[in-house]
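Below is one structure; the comments refer to it alone.
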Amino acid sequence: QVMKNISGLKEMEKKLEAALGVSKAVIVSGDSDQFALVKNEIGLACVKEIERNLESENIIAVTGGSTLAAVAEMMYPLKKAHQDLLFVSARGGLGEKVENQANTICAKMAEKAEGRYHLLHVPDQLSDESYHSLMEEPSIHQVLQYLHRVSIIVHGIGDARQMAIRRHSGEGILEKIDTEHAVAEAFGYFFDQTGRVIHKVQTIGLQWEDLFGARSVIAIAGGKSKAEAIKAYFKRGPDSVLITDEGAAQEILKNF
Ligand code: BG6
């Protein structure tokens, strides 16, 4: 029975790669919407994927979210001799519960992996004025330099409306999400069904361009409820490794 399940998942991974146009899909069994432990399995698969991509110099950028928190939870010592492991936050803080913030997750991940970390000590959503003055800060400038030469990016994908609410976005944003039919969110960008960016949070941190310089981009999201968001994001998303679960994969492949 176990062997049968494994070969079934392998087949599903191939189908998912073709459906979404990603270079690699990893599917863990179960549905994280129903069983919280499935999220930890996604986390563990992600740690292994990070490990496979390590070279001597590594700058690893991480976003926030409960799925990323599961990666930190499952992290184990990764550092080998002559390797440099630097974890950096891809996003600022606030707006999210502290355990789901990129900074918290980044520090925990680095400690468990036995690497170093550099956090982004800024609120996530900024006014024009504070955005421009914070950009001048040397410590912030440093993180941005790291993000420009990032080697591995690990990020979550969320449902647009739910993420806007979770981040306490204003009425204007919620309206825009409805009128422009945004369905997905990732690292502060909102996407419609065709993968078009309909809104971007003014944030200091990882930018769309940064994704194209990385050696490896790992997207992690699971649960049937994330199927639509995952599909939309990959319509125009960068070449990535997707780590997900059976619940999301089955739903994505339904009409394919
Ligand atoms: C956010 C990330 O913090 O978490 C987003 O910046 C992502 O990229 C979101 O969409 C997903 O959250 P969760 O809890 O569903 O993993």
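The residues of the chain are indexed from 1 along the displayed sequence. As the structure lists them, so they are numbered: ligands from 1, and atoms in each ligand from 1.
- Inclusion of L68 in the set of residues having an N or O under 3.5 Å from an N or O of ligand 1 is not warranted.
- Scanning the protein heavy atoms around atom 2 (C) of ligand 1, the nearest turns out to be G64 O, 3.6 Å.
- Hydrophobic clustering (ILVMFWY, side-chain heavy atoms < 4.5 Å, transitive): F191 and L206 are in one cluster.
- The contact set between ligand 1 and F187, taken as ligand atoms under 4.0 Å from a residue heavy atom, comprises 5 (C), 6 (O), 8 (O).
- Side-chain atoms of Q207 and K200, non-hydrogen and from C-beta on, do get closer than 4.5 Å to each other.
- In summary, the atoms of ligand 1 found under 4.0 Å from a heavy atom of M163, numbered by their order in the structure, are 1 (C), 4 (O), 9 (C).
- Residues V150 and L119 do not share a hydrophobic cluster, defined by chaining ILVMFWY side chains whose heavy atoms lie under 4.5 Å apart.
- Atom 12 (O) of ligand 1 has its closest protein heavy atom at R166 NH2, 3.2 Å.
- Ligand 1 is approached by K226 to a heavy-atom distance shorter than 4.0 Å.
- Under 3.5 Å, the side chains of Y76 and E114 contain no donor-acceptor pair of N or O atoms.
- Note on ring orientation: taking the six-membered ring where Trp is involved, the planes of F187 and H155 are perpendicular (angle over 60°, cut-offs 30° and 60°).
- At the shortest separation from atom 16 (O) of ligand 1 among protein heavy atoms lies T67 OG1, 2.5 Å.
- Here D178 pairs with R161 in a salt bridge; the nearest charged N to carboxylate O distance falls below 4.0 Å.
- Of all the listed residues (R91, H155, K39), R91 holds the heavy atom that lies closest to atom 6 (O) of ligand 1.
- Less than 4.0 angstrom separates some heavy atom of A186 from each of these atoms of ligand 1: 8 (O).
- Counted by atom type alone, S130 and S127 present one or more donor-acceptor pairs between their side chains at under 3.5 Å.
- Side-chain contact, Q83 with E55: no donor N or O sits under 3.5 Å from an acceptor N or O.
- Applying the 4.0 Å criterion to heavy atoms of R167 picks out, from ligand 1, the atoms 1 (C), 3 (O), 6 (O).
- Looking at G65 next to ligand 1, an N or O pair under 3.5 Å apart turns up.
- When non-hydrogen atoms are compared, ligand 1 lies under 4.0 Å from the backbone of E185 as well as from its side chain.
- Within the 4.0 Å heavy-atom shell around ligand 1 one does not find Q162.
- Between Y146 and H141, the distance from one ring center to the other does not fall under 6.0 angstrom.
- Close approach of ligand 1 to I157 is summarised as follows: ligand atoms under 4.0 Å from at least one heavy atom of the residue are 7 (C), 10 (O).
- Close contacts of ligand 1 with G156, meaning ligand atoms under 4.0 Å from a residue heavy atom, involve 5 (C), 7 (C), 8 (O), 10 (O).
- Here the heavy atom of the protein found nearest to atom 14 (O) of ligand 1 is S66 OG, 2.5 Å.
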Begin from the C-alpha positions of S89 and N103 and carry the test side-chain hydrogen bond (donor to acceptor under 3.5 Å, both in side chains) through to its verdict.
CA-CA 6 Å; S89 314; N103 282 336; 2.5 Å; yes
